[in-house]
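Side chains are part of it too, since the values below use all heavy atoms of this structure and drop only hydrogens, waters and symmetry mates.
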Amino acid sequence: MNVYFITVLGNIVIIVIISTNRQLHTPMYFFLINLSFLDIFFTSTIAPKLLSLLANGNGMISYMGCMIQCYSFFFLGATEILLLTAMSFDRFVAICYPLRYTAVLSPRHCLCLALGSWTCAFVDTISPTVLVLRLNFCGFNRINHFFCDVEQLLKLACTDTRYLNLLNFMVSAVIVFGSLALIILSYLNIIIALLKIPASGRRGKSFATCSSHLLVVFIFYVGTVFMSLRSIKTSYVDFNKLAVILNTIVTPLFNPFIYTLRNDQVYITTSSNSYFSPRKNVHYKIKSV
């Protein structure tokens, strides 16, 4: 209960701080607000029912509640992946094209990227969910998980679900590995751009703006990649439970601390990227990058 409370409170604090601090009105922190909103809903999809299960042993859930939980988990997970990809693009533009940063990532373009992440995730996950809703379930309706995981639900179906399993795997692979490829490509270009900077001190300052995002990406993708591969080997079920906890509880809990761990890191980020802040900060950005 304390972990869930701290997670929700921490992300609310992040939203309030960014909303009320004009120096943080930058593309990176605009995406961070979206990420904080997302993390609140993401952890709320799993944590309350999990807490009820641990406290009271109440593992009952209605059919419609199960379907909503199943869809919400994969929809919000896909949205987080796409938002992290958009944030990597923000870092790529900020470091590789600093003079064009305000034009490429204008408020309108940032809004389109954020809305595009939510919309693409909705479209990506709605079709498999509709197909799951059309299935007939029979037998002993107990799943080997602490939430309504789609893979476990398909095992309860009365019909052959091989093609639906394949569809789920393909949909997950496109989002997970496609986004991961874009993130890797962005950071390869960032590394190449940093290597061209003669002063090593300036390289460190520039790369410091990426460290928080890289850490969040690493934590989230450790679980996500294995969850995407679970359809290949069913022996990953127990590890899948750990991956779900990592993505829905651990990552939303640590995100606020990761992005605000060091005040000087936050200062570097806002100074080097803000196009709403005073003009001297823009000059600092051009010099440091």
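- Note that the CD1 atom of I81 and the CG atom of L76 stand 11.5 Å from one another [nearest 0.5 Å].
- Here I68 contributes atom CD1 and T129 contributes atom OG1; the two are 11.5 Å apart, rounded to the nearest 0.5 Å.
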Donor-acceptor pairs are to be reported for all side-chain atoms of residues 188-195 against protein atoms at under 3.5 Å, with residues two or more places apart or in another chain.
unit_1 : atom_1 : unit_2 : atom_2 : d
N189   : ND2    : L185   : O      : 2.7

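- Remark: F42 pairs with F73 by the ring pair (Phe, Tyr, Trp, His ring centres under 6.0 Å) rule, at least two apart or across chains.
- Using a distance-only test at 3.5 Å, with no hydrogens or angles considered, no donor-acceptor pair links the side chain of Q69 to the main chain of I46.
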Go through the steps for L82 and S179 under the test side-chain contact (heavy atoms from CB on, under 4.5 Å), then give the verdict.
CA-CA 7 Å; L82 294 174; S179 298; 3.6 Å; yes
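- In the hydrophobic clustering of ILVMFWY residues, with side-chain heavy atoms under 4.5 Å counting as a link, L164 and V130 come out together.
- Every residue two or more places apart in sequence or in another chain that forms a disulfide bond (SG atoms under 2.5 Å apart) with C66 is listed here: C148.
- The nearest pair of heavy atoms linking T79 to L38 is C-CD2, 3.9 Å.
- Residues satisfying the salt bridge (charged side-chain N to carboxylate O under 4.0 Å, His left out) test with R134, not counting sequence neighbours, are none.
- For the pair N11/F37, no side-chain contact is recorded, criterion being any heavy-atom separation below 4.5 Å from C-beta on.
- Residues F218 and L84 are members of one and the same hydrophobic cluster, defined by side-chain heavy-atom contacts under 4.5 angstrom among Ile, Leu, Val, Met, Phe, Trp and Tyr.
- Within a 6.0 Å sphere centred on OH of Y63, other residues, nucleotides and ligands contribute more than 12 heavy atoms.
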Before giving the answer on side-chain contact (heavy atoms from CB on, under 4.5 Å), spell out for T7 and D39 the whole-Å C-alpha distance, their side-chain angles and the decisive distance to 0.1 Å.
CA-CA 8 Å; T7 300; D39 282 340; 5.6 Å; no
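- Contact check for I126 versus F75: no side-chain heavy atoms found under the 4.5 Å cut-off.
- Note that CD1 of I17 is 10.0 Å distant from CG of L32, once rounded to the nearest 0.5 Å.
- Every residue was checked against the side-chain hydrogen bond (donor to acceptor under 3.5 Å, both in side chains) condition with R100, not counting sequence neighbours, and none meets it.
- Linking Ile, Leu, Val, Met, Phe, Trp and Tyr whenever their side-chain heavy atoms come within less than 4.5 Å leaves Y163 and V171 in two separate clusters.
- In this structure, NE2 on H109 lies 14.0 Å from CG on D90, to the nearest 0.5 angstrom.
- No chain of hydrophobic side-chain contacts below 4.5 Å, direct or via other Ile, Leu, Val, Met, Phe, Trp or Tyr residues, connects L182 to F31.
- Take V174 and apply the side-chain contact (heavy atoms from CB on, under 4.5 Å) test, not counting sequence neighbours, and it matches no residue.
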Check residues 114-124 and write down every donor-acceptor pair under 3.5 Å in which the side-chain atom is one partner and the other belongs to a residue at least two apart or another chain.
unit_1 : atom_1 : unit_2 : atom_2 : d
S117   : OG     : L113   : O      : 2.9
W118   : NE1    : N34    : OD1    : 3.4
T119   : OG1    : L115   : O      : 2.8

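- The minimum heavy-atom distance between Y71 and T125, with the atom names listed, is CE1-OG1, 3.2 Å.
- In this structure a side-chain-to-backbone donor-acceptor pair under 3.5 Å is present from S88 to T85.
- Between Y187 and R91, the shortest heavy-atom distance links the atoms OH-CG, 3.9 Å.
- Residues passing the ring pair (Phe, Tyr, Trp, His ring centres under 6.0 Å) test with F92, sequence neighbours excluded: Y97.
- In this structure, M67 and L153 approach most closely via the heavy-atom pair CE-CD1, 3.6 Å.
- Taking 4.5 Å as the limit, some side-chain heavy atom of M87 sits within range of a side-chain heavy atom of L35.
- Proximity of a side-chain donor or acceptor of H25 to a complementary backbone N or O of I18 within less than 3.5 Å is detected.
- With sequence neighbours excluded, the residues that form a side-chain contact (heavy atoms from CB on, under 4.5 Å) with S19 are I15, I33.
- Taking both residues in full, the closest heavy atoms of T26 and Q23 are given as CG2-O, 3.8 Å, listed atom of the first, atom of the second, then distance.
- Qualifying ring pair (Phe, Tyr, Trp, His ring centres under 6.0 Å) partners for F89, counting only residues two or more places apart in sequence or in other chains: none.
- Under the rule for a side-chain hydrogen bond (donor to acceptor under 3.5 Å, both in side chains), the partners of S44 that lie at least two apart in sequence or sit in another chain are Y4.
- Annotation for L166: hydrophobic cluster partners, listed by chain and number, are M170 (ILVMFWY side-chain heavy atoms under 4.5 Å, direct or chained).
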